[in-house]
Structures are given as C-alpha cells and as structure tokens.
Amino acid sequence: MHILLAEDDPSVSIVIQISLEKIGGHTVELVSDGAQAVNLATRRAFDLIILDGMMPLKSGLQAAAEIRSAGIVTTPIIFLSAKNDEKDVQAFLNLGTGFIPKPFEPTEICARIDAILNDANKGAG
Amino acid sequence: MTIRGQLNLLTAVVIGGSGFAGYQAYETRREIEAYDRSMNDSLETRSVLLLLEDLPYHDDTFRRLQVERDRLQEADRRRAFGNAVTTYATKKRPELRRSIRRALKVEADHYNRNRGKRSEIEARFEKLMMLSSGILGLGLFLVVLTIHARIFRAINRLSRRMLDFLVDRYSFQFSQPDETELGDLQRTFNSLAQKVINTTDELKRLDQAKSEFLSIASHELRTPMTSIKGSLSLLATGVVGQLDVGSLRLIKIAEGETDRLIRLINDLLDLAKIESGGLPLNLDWVQWDEFCGKTLEGLAGLAMRAEVRLELVSIPSIEVSIDRDRMQQVLTNLVSNAIKFSPKGSAVRVSISRAKTGDLVVSVQDQGPGIASEDQQLIFEKFRQGATAANPLVKGTGLGLAIAKALVAEHGGSIGVESAIGKGSSFWFTLPKWRESELAKVA
C-alpha cells in the first residue's frame, strides 16, 4: 500500500515507518505536521492516511476534516493518539476509519491496520 | 432606621401615650371621688348642720344630738337623724321652718350643679380610658405590623435567595441591602455567597488545570514511550538486522522494563483520574457468574505459566450494576497478585459470599506466604509492596491495589485482606446490596 504518515515526533515516525516498510512491505511518505498532510493528501493519491492526533499547525482531526472536505472521501484515515479518553476516541471514530492508541507495539501495527481496514470493508459491504 | 430602633420608638410612644392618658383618667377618677365625697355630705345633713348652728347651745337636747350626729358616719343614718332633728326643731321652733326650707333649696341647687359637673367629669374619664386603650391597641397593632413587614417578609426574602443559591441560581446579590439588622444579614450573606463562588471558581480552575496536566502528561509521557518501545521491539524482531545473543538479551531486558514503565504511567494516570473524580463509572447490568468466568479466562495464561490452579466456587447467577471494565480491572488485579504470590502447584480460589448487611463479598484466596499484619493496611497505599513475589512473572507497579481500592470505593464498596504469615492471604472486596438486580433475586 502507498501510505501517507503524518507524525510530528521524528522518533515515533521513524519507528512507524520502519514497521510499515520492513514488516508490512508498504511504501510510506512522511510529513511532520497537519498542514503538510492536507497539502500532500490533496495532491497525490494514497491507499491509506495515518494521522497523529496532536500535531503542530493542524491537529489530526482538523487535517482529516480538511482532507475529507477536499473531496477525498474514500481513502481510509487512521488516527494515532496518546490521548485515549472516551470523547477523544469518539471524535476519531466519527471522522476516521479507525484509531490506534499510543503506545502501541510497532510489530503489531500492520496487523492492527489490516484489522481496521477489514472491519471497515465489512461495514461497507 | 434599624428595626430595633423602630420597635423601641413605637413601644415608647405606646407606653408614653397610653400611660399619659391613663394618668389623666386616674386624675379624673380622683376628681370624681372628691365630688362624691363632698356630695356624701348629703343635703339633709347639711341642713341639719345649718339648723344646729342656729339652735341655742344651752339646750341640752341639741347638744346631745350634736354629739350624736358627729358619731354617725353613714349618710342614710345621718339623713334619718337629720329628719328627726328637723321634726323636733319644727315642733319646738316653728319659726325656723322657713329658714330650713331656704337652706334645703340652696343645698338642692348646689347638689344639682355638682351632679351635672360630675357627669361631665365622668364623660371625660370614659373618653380618657378609651383613648388610653385605643393607643395601646393601635400600638400593639403597629408593632405586629412592623414585625411582619420588616422582619418576617425580609426573612422570607432572604431564605428564598438562599434557596436560589443552593440550586445554583446565583441571583444571590441583594441589590441594595437596607440599613437594618436584616440588611446586615443580607450583606453578610452576599459576602458569604461571593466567597463560596470564589472558592468554587478556584476549585474549578484547579480541577481544569489538573485535567489539562493529566492530558498533557499522558501525551508527553506516552509519545517517547512509543518510540522507545517501538525501536526496541523492531530491534528484537530483527527486521532491521540480526543481533547477537548478548545484544538481544539486553534489548529484551530494556523492552521488559519499558513495558513496566508504560504500565506504571497508565496506572498513575488511571489513579490520578479516579482520585480527581474524572473517571465516571460506565454502569451496566452484568451477569456476575459469566463476568467472573471471563475474567479468570483472561488470566488462564498467567496461571498456567506460574503452574497455579484457578478455582471458581459458589458463584451465584445474579445480575449486578457495575462498570464491567473497571470491576474486571479490580478482580484481575487481585487474582494476578494471588497467582504471583502462589507457590507452584497450589490453587487460587475465587468465591463469593454474603455479608450480614446483605452486601456481596468477593474473596480471592491464595496459599502464598501471607502478609504480616503490620503490612496489611500499607499494601493498599501507593507504591507500597509487601514481600517479594514467589513467581515474578510480571513486575508490579506498586499501584495495583491502590487502584483497586479506589475503583471498589467508586462502586460504593470496601476492600481488605485477611492474612497471616505462612497461612496464605484472602483478599476481599464488597459490592453494596443495592447494586444487585431485584429481578434476579426474585427469580
């Protein structure tokens, strides 16, 4: 899959990138804030967009809302967040396809993504 | 003007007014009595007096009669005596009859005049009496009216405002408290209410700050943990290159400790949330036996590795209103602790009984080393752990029992332990009777 990853923490983003590329065999494009994520997502086609919840310039939720309103409605969006209060999670699930709480097991991230996408497909079908 | 001042003035006016009128009436009464006294010397007696003065003193009979008259006190007897004297005098001195008649006429006129004056005074007396009681009555009425208007009504207004304040309608401000005692009370109440509001605002602000702190702390603490943990597990899986045995071992240690740190952070944040009341219970009707079974299933792996048997006994089929996840956290904590401290081949027994009060008592019993009585309270505090675990499968954070205690308390129950060194431990917690479904009890 061609994945857009928006994560402001360079360490976390490298860990996720390695996991996605080495374990899942995906290709990853990395950005470090919400504005860049919106910019890139509207210019290029991706199979999946992964957004961190808290980023500079635009939060994950803001970025997702802008991406959706820019007409990109079918690309799944998965949020990553260390804030896992019920209302945060609800906001993520309302706007995106799924939510992965931090900290997560990077070796499991591909499996979790697959599970979320499968669920979403089942729901759609 | 103060209410006390007004009442005092009113009372003074009433007492003064009615007292003055009363005194006037008393004086008038005295005047009437004086008239009565003077009129008691009835006209007959007066005429006798006149007559006697006219009679010659040498006459022994008259002298005797004069002495006799002085001894007589009552008007009617004097009158009878006068008649006797008159008869006697007219027999002896018929020429005196005319002068007696004249004297009688003068006295009659005098009497009539006096009588007219007396009834005038009497009328004045009655008027004064009426005035006095009128002032008293009116005064009393005004006092009651004042108390009613200025005290009771103001108190009612005050209590209404207080009630408003109680139900959070902050219209507590009395716009213009008057200069009375109740005005003072209103001003005091205003200050009190203001203080309460200030304190509440301050508490809200602190609570807000605490929530923000928790939110930031969870993000700031979890983000680096994500990359540390991630890097370590990626290294351990070997996807970025194979490692020699020594490096792998070190990485495994780092990974294990990172896991422990993550658990600690999660526990701390949980505890902080529970303690600040920021973790409302998500109540649901839960089938108790099924709930216990599922919780123990989740711990089967841990028990197997520790070679400890899990036993579930006398679990009734009841329905309870609890937060499933939170209660599971409590039971999991108690059972995993019991497993950790159990010797190989022993059993951990989960049972349920009923206290005298009707509360449900859930017990988790192990055959471990037991807990010294002086440690039994301590272990429910933060970062306090008893003896070292027999099976150090999972290193504890020292917060598990503190969290369990807080969660049980949130459910309205209590938690405790019965134990003795060498005799194993029995951790228990209660669920109040009212959490149990009435329907299930009937069935």
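Just so it is clear: chains get the letters A, B, ... in the order the sequence lines come, proteins before strands, and each one is counted from 1.
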Report task. Might you work through the side chain to side chain contact (heavy atoms under 4.5 Å, CB included) test for B:Thr226 and A:Leu80, ending with a clear yes or no? Result -> CA-CA 11 Å; B:Thr226 308; A:Leu80 300 175; over 6 Å; no
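- Across all their heavy atoms, B:Ser227 and A:Val15 have their closest contact at O-CG2, 3.6 Å.
- Listed by chain and residue number, B:Lys229 satisfy the salt bridge (charged side-chain N to carboxylate O under 4.0 Å, His left out) test with A:Glu105 (two or more places apart in sequence, or in another chain).
- The salt bridge (charged side-chain N to carboxylate O under 4.0 Å, His left out) pairs that include a residue from residues 41-55 of chain A are A:Glu29-A:Arg44, A:Asp52-A:Lys102, where partners are two or more places apart or lie in different chains.
- Residues of residues 286-299 of chain B lying under 4.5 angstrom from chain A, judged on non-hydrogen atoms, do not exist here.
- Here the straight-line distance linking atom CD1 of A:Ile18 with atom CG of B:Leu235 works out to 8.5 Å at 0.5 Å rounding.
- Residue contact with chain A, scored on non-hydrogen atoms closer than 4.5 Å, involves the backbone and the side chain of B:Ser231 alike.
- Residues satisfying the side chain to side chain donor-acceptor pair (under 3.5 Å) test with B:Glu255, not counting sequence neighbours, are none.
- Atoms CD1 and CG, on A:Ile14 and B:Leu234 in that order, are 11.5 Å from each other to the nearest 0.5 Å.
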